[in-house]
Amino acid sequence: MITSTTGPQPADFADVRATNLAVVLRFVREHAPCSRADIAASTGLNKATVSSLVADLIDRRLVRETGLTENRVGRPATMLVLDGSPYAAIGIEINVDHVSAVATGLAGERLLTWRRAFAAGGSASQDVAAVAAIVRRVVARMAREERQVLGLAVAVPGLVDVQGVVRIAPNLGWRDADLAGDLAKALRDPGFAVQVDNDANLAALAEQRFGARAGAADLVYLTGEIGVGAGIILDGRLRRGGLGYSGEIGHVQLDPDGPACRCGRRGCLEAVAGIGAILRRDLSPSEIPVEIEDAVRSARAGHPGTLAALDAAGRGLGRGVSVLANLLNPEVVVLGGYYVPLAPWLLPAVREEVSGRAIAPGGGGCEVVASTLGLDAAALGGAARVLDSVDSGRLPGAISRIS
Ligand SMILES: [Zn+2]
């Protein structure tokens, strides 16, 4: 069951109807093909209400009929599946040297995956124009496919507050940037919502919706970049904390006498087990993929120095994950980013540390796995966040009213 971060608060009839439309849409997403009677039986809504809600969803082209069922007892029923063919959700991830863009359909099918070079210019206002240009190209492509954009969510590596203001993005050189507002302005009031969130948060949403452990109610995603951040989903919902700054696991101190961290402190998780620490070099972002390939080759060849370095990093990472296991009791911790290609050598040490350090037997059931979503998980998570908004009741209008 996908639960989204912001459920509508039923206040009047329109809200109740929007809530019920969302309930039916979610049911079809999870159980298609299904009949109107299936929906009524499972949701507790009466059949007449379900028929009216389904008619509305068909008008909006969110759901469509797909012939009659077979192999059923009793009268054949018309089955329903997700439609969504006239819609797209867009996710963008801003990185130091590139921007990733992903567009998906309503059912999450991938419509577009782009990676474009991008040089963060030192201030958000300078960079907004470049990001807006990429968004415009994605929107234009979707328009050519006759798809209406349902929304855009942008992932940023940094502290993003609950209002979507980027407070600090050290690697981009941004401070107090109202990225959502500036992007909406640069896009000249695009007619869809623009949201901004931390990259780990959005990657966690991508795992919850599309990952190997999709549907997990208690899931933590760890970014595996120079920095290490956590996106935390508990009880089915993303947990941002009071101001939106949860998940800075990269700066949990593992060793007071450890190596210096970028934050000015010592022995932080990312200084011990971040990608820079694993590769033992100060690297520019563009050098990392090549260095990772070298490390993988060296580990495969059994080079003792490489194996020892990966084991040490895995132990550091495992100490960090055991903090998560003790504090949050997640079902699964997903290692993302550049941890994925290194996972065969990191995971044994990580798992050993977690089972040794978590107070609950068996690490409290905490599994540690490598992401299957690739390096654009946060961009995909942007699209997931837009789909979450739709699932929680922010539905596009009836097509006849739009066109
Ligand atoms: Zn630090």
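Order of listing sets the numbers, starting from 1, for every ligand and every atom in it. Residue numbers run from 1 in the order of the sequence given.
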State plainly whether the residues Glu353 and Arg315 are in salt-bridge range, i.e. N to O under 4.0 Å. yes
Sub-4.5 Å side-chain heavy-atom contact between Tyr338 and Leu375: yes
Side chains of Glu248 and Glu270: closer than 4.5 Å at any heavy-atom pair? no
Flag the pair Asp56 and Arg17 as a salt bridge only when some basic side-chain nitrogen lies within less than 4.0 angstrom of an acidic carboxylate oxygen. yes
Is it true that, when you exclude Arg136 itself, more than 12 heavy atoms of the residues, nucleotides or ligands shown sit nearer than 6.0 Å to its CZ? yes
NZ/NE/NH1/NH2 to OD/OE distance under 4.0 Å, Arg385 and Asp388: no
The Zn ion (ligand 1) neighbourhood, protein N/O/S only, threshold under 2.8 Å: His251 ND1, Cys261 SG, Cys263 SG, Cys268 SG
